Engineer: 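First the structure, then my questions, so here it is.
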Amino acid sequence: MKKVLITGANKGIGLELTRQLVEKGYYVYLGSREFANGLNAVQKLKEEGLENVEAIQLDVTNQESVAAARSEIGKRTAVLDILINNAGINGIVFDGNTPIMHKAVSTGIDVFKEVYDVNVFGVIRVTQEFLDLLERSAEPRITNVSSSQGSLTLHSDPGYKYYRNKGVVYQSSKSALNMYTINLAFELRDTHFKVNAVSPPSTATDFNHHLGTSTVEVAAQHILKYTLIGNDGPTGKFFCEDNNPETGEIPW
């Protein structure tokens with residue numbers, strides 16, 4: 001049975017990814033910053049008859065927590081087949097249901113640091129810590145959950161449908177994550193690793209005050225489509241079917 005680690009998996013898209021993977025016959029380590037929330041999520045899944053899942057305390061902003069999670073998972077398995085870096089924040093404050101978007105001319109560095117610590121540095125911490133377990137898999141996969149908001153090409157084009165939807169902190173964090181994805185895929189290009197960035201469609205979750213227009217079920221399906229690929233599959237690519245329903249690939 002293949003083993004999967006998903007960060008930020010106690011709710012939203014992460015929880016649905018867990019559900020769909022367990023249904024497909026995978027064993028999932030459900031990463032949760034607050035262990036109690038992870039235990040509650042696992043209990044919910046087990047009440048649905050999904051047994052091959054367990055909670056792991058994992059705060060991606062804390063190196064000691066990441067190392068402890070590696071130690072715990074290492075006691076349970078010698079191989080990790082899939083890592084989905086799903087944990088993320090946007091740092092946006094809402095006025096009711098209206099997001100107060102971050103401005104490049106005024107947003108403080110502390111906000112950038114907070115968001116980058118999860119969306120960029122958190123991904124790096126987890127990926128580097130678990131790389132040895134992934135290297136033992138015959139088909140290792142790393143999927144970084146990104147956003148089309150991080151596409152430099154799309155968001156520099158005045159003709160792009162979301163051109164005016166700007167938020168400098170979240171957008172730049174996802175651009176940085178995308179470049180990390182490119183570099184990681186390049187360095188692992190002569191192996192069986194497949195490393196890709198995937199943007200789900202705008203999804204109604206706590207992340208955006210449930211203002212998204214799609215569902216967690218669809219989001220998870222999109223992410224898994226580019227995660228559960230064979231050794232002849234793509235690597236070092238950026239996918240968002242919301243922007244390109246034909247091939248899925250979008251520009252960086």
Side-chain angles (χ1 to χ4, degrees), residues 12-13 16-17 84-109 111-116 118-120 123 142-186 194-227 229 233-252:
I13 295 173
E16 182 60 27
L17 283 166
I84 301 179
N85 286 305
N86 169 73
I89 63 173
N90 56 34
I92 294 174
V93 174
F94 284 78
D95 179 8
N97 282 330
T98 302
I100 309 303
M101 304 304 290
H102 296 128
K103 302 296 185 182
V105 296
S106 58
T107 303
I109 291 296
V111 180
F112 281 88
K113 287 181 177 179
E114 179 186 15
V115 174
Y116 274 59
V118 178
N119 295 359
V120 184
V123 171
I142 299 175
T143 295
N144 294 329
V145 178
S146 186
S147 171
S148 60
Q149 287 285 311
S151 170
L152 299 174
T153 301
L154 294 178
H155 279 276
S156 61
D157 178 4
Y160 179 49
K161 59 182 178 178
Y162 298 127
Y163 177 74
R164 293 189 175 276
N165 296 82
K166 293 284 193 287
V168 66
V169 177
Y170 179 71
Q171 283 189 290
S172 64
S173 76
K174 289 302 184 179
S175 297
L177 171 63
N178 287 350
M179 182 55 80
Y180 180 72
T181 303
I182 290 172
N183 278 264
L184 186 62
F186 176 79
K194 301 298 179 186
V195 182
N196 292 295
V198 183
S199 170
S202 174
T203 306
T205 66
D206 290 348
F207 185 84
N208 55 23
H209 277 215
H210 294 269
L211 297 176
T213 56
S214 188
T215 65
V216 292
E217 291 81 7
V218 171
Q221 289 167 7
H222 284 205
I223 293 167
L224 293 181
K225 178 177 179 178
Y226 300 103
T227 301
I229 54 178
T235 191
K237 301 294 184 180
F238 186 16
F239 297 101
C240 180
E241 294 195 349
D242 191 38
N243 283 280
N244 180 3
E246 287 75 25
T247 69
E249 188 174 354
I250 65 171
W252 298 101

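In this text, all values refer to a predicted model and were calculated from it rather than measured experimentally. Side-chain atoms are counted along with the backbone in the values below, which use heavy atoms only and exclude waters and symmetry mates.
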Engineer: Roughly how far apart are His102 NE2 and Asn90 CG, rounded to 0.5 Å?
Structural biologist: 7.5 Å
Engineer: Do side-chain atoms of Ser151 reach the backbone of Pro251 as a donor and acceptor pair under 3.5 angstrom?
Structural biologist: yes
Engineer: Taking side chain to side chain donor-acceptor pair (under 3.5 Å) as the test, write out the residues that go with Ser172, two or more places apart.
Structural biologist: Tyr116
Engineer: Less than 4.5 Å apart, any side-chain heavy atom of Pro200 and any of Val218?
Structural biologist: no
Engineer: Could you walk me through whether Phe238 and Thr181 pass side-chain contact (heavy atoms from CB on, under 4.5 Å), step by step?
Structural biologist: CA-CA 9 Å; Phe238 186 16; Thr181 303; over 6 Å; no
Engineer: Could you state the interatomic distance from OG1 (Thr227) to NZ (Lys225), rounded to the nearest 0.5 Å?
Structural biologist: 12.0 Å
Engineer: Side chain to side chain contact (heavy atoms under 4.5 Å, CB included) with Ser106: which residues, sequence neighbours excluded?
Structural biologist: Lys103
Engineer: Please examine the side chains of Val168 and Phe112, heavy atoms only from C-beta on, and report whether any two atoms are closer than 4.5 Å.
Structural biologist: yes
Engineer: For residues Ser147 and Tyr170, report the shortest heavy-atom separation together with the two atoms involved.
Structural biologist: CB-OH, 3.4 Å
Engineer: Short question: side chain of Asn196, backbone of Pro234 - any donor-acceptor pair under 3.5 Å?
Structural biologist: yes
Engineer: Excluding sequence neighbours, so at least two apart, what forms side chain to side chain contact (heavy atoms under 4.5 Å, CB included) with Ile182?
Structural biologist: Met179, Trp252
Engineer: Go through it in stages, so that I can follow the logic: the residues are Val145 and Ile13, the test is side-chain contact (heavy atoms from CB on, under 4.5 Å), and I'd like the CA-CA distance, side-chain angles, deciding distance and then a yes or no.
Structural biologist: CA-CA 10 Å; Val145 178; Ile13 295 173; 5.8 Å; no
Engineer: If I take atom CD1 from residue Ile92 and atom CE from residue Met101, how far apart are they, to the nearest 0.5 angstrom?
Structural biologist: 4.0 Å
Engineer: Taking only residues two or more places apart in sequence, or in another chain, which ones meet Thr235 in a side chain to side chain donor-acceptor pair (under 3.5 Å)?
Structural biologist: none
Engineer: Go through the structure and list residues passing side chain to side chain contact (heavy atoms under 4.5 Å, CB included) with Asp242, not counting sequence neighbours.
Structural biologist: Tyr162, Pro201, Cys240
Engineer: For a quick test of reading the model, state the closest non-hydrogen atom pair linking Ser173 to Val120 and the distance between them.
Structural biologist: O-CG2, 3.3 Å
Engineer: Once salt bridge (Lys or Arg N to Asp or Glu O under 4.0 Å) is applied, what residue pairs with a partner in residues 243-252 remain, sequence neighbours excluded?
Structural biologist: Lys237-Glu249
Engineer: Can you list everything that forms a side chain to side chain donor-acceptor pair (under 3.5 Å) with Thr247? Sequence neighbours excluded, please.
Structural biologist: Asn244
Engineer: Treating Lys194 as the side-chain partner and Gly233 as the backbone partner, does any N or O pair qualify as donor plus acceptor under 3.5 Å?
Structural biologist: yes
Engineer: Working to the nearest 0.5 angstrom, can you tell me the gap between Ser199 OG and His222 NE2?
Structural biologist: 10.0 Å
Engineer: Measuring from atom CG of Asn183 to atom CG of Asn178, what distance do you get when rounded to the nearest 0.5 angstrom?
Structural biologist: 11.5 Å
Engineer: Can you name the closest pair of heavy atoms from Lys174 and Gly150 and give their distance?
Structural biologist: CB-CA, 3.9 Å
Engineer: For Leu152 and Ser175, which heavy atoms make the closest approach, and how far apart are they?
Structural biologist: CD2-OG, 3.8 Å
Engineer: Taking only residues two or more places apart in sequence or in another chain, which ones pass ring pair (Phe, Tyr, Trp, His ring centres under 6.0 Å) with Tyr226?
Structural biologist: Phe239
Engineer: How close do Ile250 and Ser148 get, counting heavy atoms only, and between which atoms?
Structural biologist: CD1-CB, 3.9 Å
Engineer: Could you pull out all residues at least two apart from His155 that satisfy ring pair (Phe, Tyr, Trp, His ring centres under 6.0 Å)?
Structural biologist: Tyr160
Engineer: Decide side-chain contact (heavy atoms from CB on, under 4.5 Å) for Ile89 and Asn119; before the verdict, give the C-alpha distance in whole Å, the side-chain angles of both, and the deciding distance to 0.1 Å.
Structural biologist: CA-CA 7 Å; Ile89 63 173; Asn119 295 359; 4.2 Å; yes
Engineer: Please list, chain by chain and in numerical order, all residues satisfying side chain to side chain donor-acceptor pair (under 3.5 Å) with Asn85, sequence neighbours excluded.
Structural biologist: Thr127, Asn144
Engineer: Check this for me: Lys113, atom NZ, are more than 12 non-hydrogen atoms of other residues, nucleotides or ligands nearer than 6.0 Å?
Structural biologist: no
Engineer: Nearest 0.5 Å, what's the CG-CD distance between Leu154 and Gln149?
Structural biologist: 9.5 Å
Engineer: With no hydrogens and no angle check, is any side-chain donor or acceptor of Ser146 less than 3.5 Å from a backbone partner on Val198?
Structural biologist: no
Engineer: Applying salt bridge (Lys or Arg N to Asp or Glu O under 4.0 Å), name anything that partners Glu217, two or more places apart in sequence or on another chain.
Structural biologist: none
Engineer: Using side chain to side chain contact (heavy atoms under 4.5 Å, CB included) as the criterion, list what pairs up with Gln221, not counting sequence neighbours.
Structural biologist: Gln20
